[in-house]
Amino acid sequence: MPDSSGDRLTERLLRALARRTSRRSLLTRIGVLLVAAPAFPLLPVSRGFAAPQAAPPAKSPKPMTDFERNAQTKDPARCDYWRHCAIDGVICGCCGGGIHTCPPGADPSPTSWIGTCLNPDDGRSYLIAYRDCCGKSLCTADKSCMCDSTDREMPIYRPSGDNDIIWCFGGSSMAYHCSTAALVGLAN
Amino acid sequence: MPDSSGDRLTERLLRALARRTSRRSLLTRIGVLLVAAPAFPLLPVSRGFAAPQAAPPAKSPKPMTDFERNAQTKDPARCDYWRHCAIDGVICGCCGGGIHTCPPGADPSPTSWIGTCLNPDDGRSYLIAYRDCCGKSLCTADKSCMCDSTDREMPIYRPSGDNDIIWCFGGSSMAYHCSTAALVGLAN
Amino acid sequence: MMQTTVIRPVSARHRPTPLRRLPGMRATLWTLALLAAAANSDSRAETQPPPPVLPAETSDVAVLPPAGPHRLFVMGWTTGGANVVDGDSKDLSVLGLVPISEGGLLALSHDADRIFVAETFYSHGNRGTREDVLSIYDGRSLALLEEIPIPGRLQVVAKPHVFEVSEDGRLAYVYDMVPTSSVHVIDLQEAKVLPSVYLPGCALAFPYGPRGFGTICGDGTVGAVQVPESGATAKAVFSKPFFDANSDPLFESSVIDKSSGEAWFMTFTGKVFPAHLAAGAAPVIGKPWSVSEAAGLPPVGTGVQELAWRPGGGGRVLALHRATKRLFVLMHPGNYWTHKVAGTEVWVLDATRQALIRRIRLEAPARGIAVSQDASPLLYAMSDEGSEGELAVIDASTGEKLRKRKLPGGFAWVPGD
Amino acid sequence: MMQTTVIRPVSARHRPTPLRRLPGMRATLWTLALLAAAANSDSRAETQPPPPVLPAETSDVAVLPPAGPHRLFVMGWTTGGANVVDGDSKDLSVLGLVPISEGGLLALSHDADRIFVAETFYSHGNRGTREDVLSIYDGRSLALLEEIPIPGRLQVVAKPHVFEVSEDGRLAYVYDMVPTSSVHVIDLQEAKVLPSVYLPGCALAFPYGPRGFGTICGDGTVGAVQVPESGATAKAVFSKPFFDANSDPLFESSVIDKSSGEAWFMTFTGKVFPAHLAAGAAPVIGKPWSVSEAAGLPPVGTGVQELAWRPGGGGRVLALHRATKRLFVLMHPGNYWTHKVAGTEVWVLDATRQALIRRIRLEAPARGIAVSQDASPLLYAMSDEGSEGELAVIDASTGEKLRKRKLPGGFAWVPGD
């Protein structure tokens with residue numbers, strides 16, 4: 001079994017929103033949610049942050065991906081920054097933005113897909129919202145900032161796990177500028 | 001004195017068209033001509049071609065430019081092809097066109113600027129119309145086909161000698177795709 | 001190399017001259033020179049007649065020769081469209097560019113005499129009013145024939161089955177995600193948008209027959225949709241669940257024979273599900289087999305530290321040669337979750353015998369592949385490193401490396417695919 | 001490096017949390033960890049409290065700090081706009097992108113609090129209905145404030161004086177060639193197009209004072225235009241002919257001090273004509289001097305095999321530091337007609353004393369330069385080799401190389417230029 005916690009958790013998130021539980025209707029709602037939701041909700045976020053847990057989860061005994069083994073936590077403008085475990089695109093931090101910040105004048109997409117990345121500093125896995133910044137041409141500031149990592153990345157029929165889609169739905173324009181990797185909560 | 005035969009001859013061309021001779025009115029007409037003329041006229045062309053001259057002009061005693069010294073006559077898809085002595089852009093021959101041919105679906109501009117290039121095979125200087133092919137994005141097929149040579153190239157206030165201008169006037173769109181180098185006649 | 005066919009002089013006001021068509025102009029000069037040299041082989045150079053003055057030229061526009069089976073269309077995110085290449089030409093020179101707006105996709109009529117582009121425009125570049133358009137080009141002149149407004153489309157990195165055309169070139173299928181998963185159906189002959197097919201939880205369109213398409217669903221099924229002649233809204237019928245998207249999803253670039261409806265759905269671990277899609281029936285899924293085991297290697301699992309040969313790439317990972325039912329799979333050594341890593345080999349498999357025929361080692365790791373559909377098929381591999389990207393042309397029957405050139409773009413289309 | 005100022009949360013519906021602003025988030029964690037370590041310096045690591053769970057973040061949008069004199073805007077043909085860089089920052093990181101359509105140009109208000117873009121759109125990308133627009137952006141949020149339709153504009157490789165704004169930011173000058181040479185004048189405060197100024201045989205606009213601009217003419221003169229407050233059509237007055245465009249033309253990137261109207265027009269051979277442009281008067285042209293002779297070298301002629309140090313480059317070849325009247329000239333060794341060859345040195349000249357101050361050797365040949373206008377000026381040199389292009393930052397007073405980075409784009413703007 002692969003590490004599919006990201007997808008299971010994304011589903012859990014969606015389940016908390018959806019009132020029905022059949023897979024088909026849930027997935028229907030994904031389509032709608034992509035447009036309607038003002039970013040993924042803060043549900044697991046506040047749970048994760050509001051009351052610091054007494055103990056961190058034990059180090060996972062399961063093997064790490066190559067990305068996780070080599071990830072760093074110091075420079076968010078590099079492809080190997082821990083949160084970029086499944087990013088596909090140009091890092092906004094190279095373009096005047098930051099890890100959860102669009103460059104000036106770019107539109108942060110209210111929609112995104114969700115990845116799950118392991119923070120090597122605390123051994124915890126976090127949900128990462130890869131929100132694209134939109135409305136401008138592709139950022140060409142630095143070609144070394146073009147990344148494509150695919151830990152737990154999913155095909156297009158699982159859109160909430162797909163990093164090939166231009167995640168600019170619900171903004172003023174679908175023009176892709178760069179990608180952020182905002183932390184939205186604990187994954188487990 | 002620089003080798004300014006190109007400009008003097010371009011002027012001669014224009015003079016043959018214009019009925020007045022004052023510099024200001026001539027230059028006025030350049031502006032109009034750029035849009036109105038269906039490419040530069042065949043005047044010197046037919047003169048050059050219709051009746052092959054008995055003898056080629058004597059080899060010019062004046063020194064050659066570095067471009068002229070290194071020019072070749074075999075491969076029109078390279079920057080050092082003799083007619084590219086003042087081209088600025090992507091050679092259409094690398095993009096599905098040819099030396100006087102736009103790639104399929106691109107619009108040949110009815111306007112152009114005129115350079116003067118020395119053919120090393122016959123020692124003659126010819127007028128070259130650098131007509132852009134328009135209506136498509138920049139041709140990116142081969143970056144080695146991006147050339148910028150400037151023999152007798154002129155600033156923008158001498159537009160008929162300027163290779164920085166997007167020569168797509170009079171076509172359906174000003175989008176620049178690539179540049180041709182059509183032979184339009186003898187320069188001297 | 002030069003295209004010299006004149007289809008549109010710059011101005012009709014130019015008097016035609018005998019030399020308006022100049023294909024052999026330089027050749028003629030050389031011939032004259034050689035004849036002169038032969039006739040006066042003992043004469044001194046300075047006594048030769050002077051070379052004739054070069055004739056003036058009229059600007060013209062190239063047209064493509066009729067598309068053969070080895071025509072290739074190669075696109076990247078920043079190439080402004082698909083560069084047209086003839087896989088047989090020695091230098092693989094670019095023959096033209098099919099303009100495609102950023103994020104747009106191309107589809108071909110069966111013989112590539114019509115080229116279809118699904119694209120999105122904003123009135124002010126990256127802002128303003130949005131328009132989604134299906135643009136139709138003539139396959140030889142690359143002239144824009146028509147722009148059909150369409151209800152929408154998904155903007156996504158180039159991949160198969162997001163925009164497809166039926167085998168007979170009659171219907172186009174445009175995948176969209178807004179407001180929910182759906183396939184817009186366009187009647188290309190009538191330039192008419194038919195009712196969209198809503199497919200919640202499913203994505204992509206694998207055309208078969210005149211009016212059918214398949215779709216992959218996140219619940220582990222494949223759906224089949226028959227577009228009614230009546231213009232009524234189509235309904236999908238689904239297979240039984242046969243794969244688990246959580247543990248081992250199907251590649252988007254799984255393949256279908258548009259004509260027969262035979263399909264091969266391949267998972268991230270290289271498990272291949274043969275399938276058959278037909279009008280009015282739920283997709284029939286066959287017994288799976290494994291690329292790895294077909295090659296005599298152990299079965300491949302989903303371990304993130306389980307090094308094995310796996311399929312992967314950035315666009316078309318899997319390609320089908322219809323006539324021989326050979327599958328071409330872009331492979332690399334890697335762990336699970338390396339499904340987008342560039343491939344270092346192409347494995348050729350006989351889908352009927354479920355057996356490996358050949359492993360082809362690539363000189364440059366490839367993001368995507370394509371295979372021509374004729375009896376002497378060519379395999380194309382694109383490395384897509386921007387302007388340093390390489391297109392390699394390989395004899396698909398023998399694995400012999402035939403030609404290569406620098407060319408940007410990692411995604412390609414061939415006629416009859 | 002991260003921009004963290006929040007100006008626009010993704011949704012106002014998000015409840016604010018104490019940690020919505022996270023500039024020092026990681027720093028705080030480190031502080032906690034260090035304090036813990038200090039308090040328990042002899043304790044074992046496993047007894048430390050577990051690190052807190054990282055807080056959730058809300059997406060936001062950066063704003064630029066107020067523009068200082070060392071702000072730089074760098075554009076290439078395919079960069080999609082001008083990348084904003086702070087010349088003082090250690091890593092010269094990009095702070096944002098001013099979107100500019102292909103072939104468009106930028107201009108700045110004096111302090112760069114407003115950014116003006118002259119650009120052209122087609123409704124369907126490279127085809128369809130044309131619109132020419134002057135787009136106005138806020139200098140800190142890069143928010144689009146206004147789009148003023150303009151009568152037209154010339155599409156040309158980036159160069160100075162094709163699109164300029166007056167010193168007070170009130171008037172914009174847009175050079176056009178269709179139907180004839182003209183400068184469109186736009187009142188930026190009223191968002192109103194004033195009567196265009198037709199300048200047959202002349203090109204470019206060198207702004208001075210509140211309503212004046214100069215223009216270079218092919219007959220060897222410079223014209224001066226005063227835009228009437230009345231809204232009437234402006235008329236040009238011309239200098240006597242002082243240069244010969246056939247033999248030694250003026251660089252388009254000749255410079256003017258927008259405030260004083262002092263200008264320096266430089267020819268291909270490096271001859272510098274001081275000039276003064278003032279309201280209602282014909283331009284006064286001073287006695288020329290030579291860059292070469294100012295450097296103690298022989299005079300430079302127009303021979304095509306006359307090797308000498310010559311000015312040249314692909315965009316801005318000449319830059320002025322207004323306050324000190326220093327000229328910065330991009331130079332290379334070459335024959336005549338090498339006026340677009342990349343420069344290998346920048347020569348710094350005192351325009352008052354007509355003397356060379358310094359020759360600065362560049363590490364990478366530069367297509368263009370720019371000079372900041374403050375008392376500690378920076379010299380910028382751009383090599384423009386696509387994504388391998390380099391931006392070098394040099395102390396303009398000492399010639400010391402300060403910083404460099406890879407950055408595409410060979411043309412740049414600075415505030416107060």
Side-chain angles (χ1 to χ4, degrees), chain B residues 1-4 7-8 11 22-32 34-36 62-69 85-86 88-89 107 134-138 140 143 146 148-166 168-170 172-177, chain D residues 77-78 102-103 120 122 124-128 130 154-159 161-162 175 177-182 198-204 215-220 241 244-252 268-269 301-306 312 314-315 334-341 386:
Chain B
M1 277 290 291
D3 178 351
S4 60
D7 291 280
R8 274 190 271 109
E11 278 185 40
S22 96
R23 168 66 57 81
R24 176 87 16 96
S25 74
L26 243 179
L27 289 167
T28 310
R29 282 172 183 268
I30 293 179
V32 178
L34 296 170
V35 179
K62 65 186 176 193
M64 289 191 289
T65 67
D66 282 351
F67 183 94
E68 289 165 345
R69 291 170 57 226
C85 76
D88 181 5
D107 288 327
C134 309
K136 296 189 184 197
S137 295
L138 184 68
T140 58
K143 69 176 179 177
M146 175 81 82
D148 193 358
S149 299
T150 54
D151 279 7
R152 295 166 287 279
E153 194 264 350
M154 279 279 137
I156 194 171
Y157 48 85
R158 280 293 179 87
S160 60
D162 181 296
N163 74 6
D164 281 338
I165 293 167
I166 304 301
C168 291
F169 304 104
S172 62
S173 152
M174 290 291 293
Y176 173 82
H177 183 53
Chain D
W77 189 259
T78 56
E102 187 181 279
T120 301
Y122 287 90
H124 283 192
N126 291 323
R127 61 183 188 263
R130 174 173 174 165
L154 176 65
Q155 302 231 45
V156 64
V157 170
K159 56 181 69 187
H161 312 306
V162 172
Y175 179 62
M177 262 175 61
V178 175
T180 186
S181 273
S182 57
Y198 292 92
L199 294 164
C202 308
L204 307 174
T215 188
I216 304 180
C217 307
D219 62 359
D244 183 349
N246 291 330
S247 62
D248 191 15
L250 302 183
F251 273 101
E252 295 148 339
F268 280 11
T269 62
T302 57
V304 300
Q305 286 299 333
E306 181 188 350
N335 301 316
Y336 196 65
W337 297 127
T338 59
H339 50 286
K340 282 169 78 177
V341 163

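Computed from a prediction, not measured in an experiment: that's the story for all the values here. Within every chain, numbering begins at 1; the chains are lettered A, B, ... in the order of the sequence lines, protein sequences first and strands thereafter.
- Top candidate by heavy-atom pairs under 4.5 Å with chain B, chosen from D:L199, D:N126, D:L204, is D:N126.
- In this structure, B:E153 contributes its side chain and D:W337 its backbone to no donor-acceptor pair below 3.5 Å.
- Interatomic distance, B:D164 CG to D:E252 CD, rounded to the nearest 0.5 Å: 6.0 Å.
- Side-chain contact check for B:I156 versus D:H161: every heavy-atom pair is 4.5 Å or farther apart.
- Options B:I166, B:T150, B:I165 differ in how many heavy-atom pairs under 4.5 Å they form with chain D, and the most are formed by B:T150.
- Contacts of B:S137 with chain D are made by both backbone and side-chain atoms, with heavy-atom separations under 4.5 Å.
- One N or O on the side chain of B:Y157 and one on the backbone of D:L250 form a donor-acceptor pair closer than 3.5 Å.
- A 4.5 Å side-chain heavy-atom check between B:M154 and D:P249 finds at least one atom pair inside the cut-off.
- When D:A203, D:S182, D:G301 are compared by the number of non-hydrogen pairs under 4.5 Å with chain B, D:A203 comes out ahead.
- Looking at D:I216, both its backbone and its side chain come within 4.5 Å of chain B, counting heavy atoms on both sides.
- Between chain B and the residues D:E102, D:R130, D:R127, D:K159, the most heavy-atom pairs under 4.5 angstrom are made by D:K159.
- For the pair D:Y122 (side chain) and B:M174 (backbone), a donor-acceptor distance under 3.5 Å is present.
- With a 4.5 Å cut-off on side-chain heavy atoms, B:E68 and D:V304 do not count as touching.
- Contact of D:T338 with chain B is made through the backbone alone, with heavy-atom distances under 4.5 Å.
- Counting heavy atoms from C-beta on, the side chains of D:M177 and B:P159 come closer than 4.5 Å.
- D:T78 OG1 to B:L138 CG: the interatomic distance, rounded to the nearest 0.5 Å, is 7.5 Å.
- For the atom pair CD of D:Q155 and OG of B:S173, the computed distance is 8.0 Å after rounding to the nearest 0.5 Å.
- Both the backbone and the side chain of B:D151 come within contact range of chain D, with heavy atoms under 4.5 Å apart.
- Contacts between D:Y198 and chain B at a heavy-atom distance below 4.5 Å are absent for every atom of the residue.
- At a 4.5 Å heavy-atom cutoff, the contact between B:M64 and chain D is made by backbone atoms alone.
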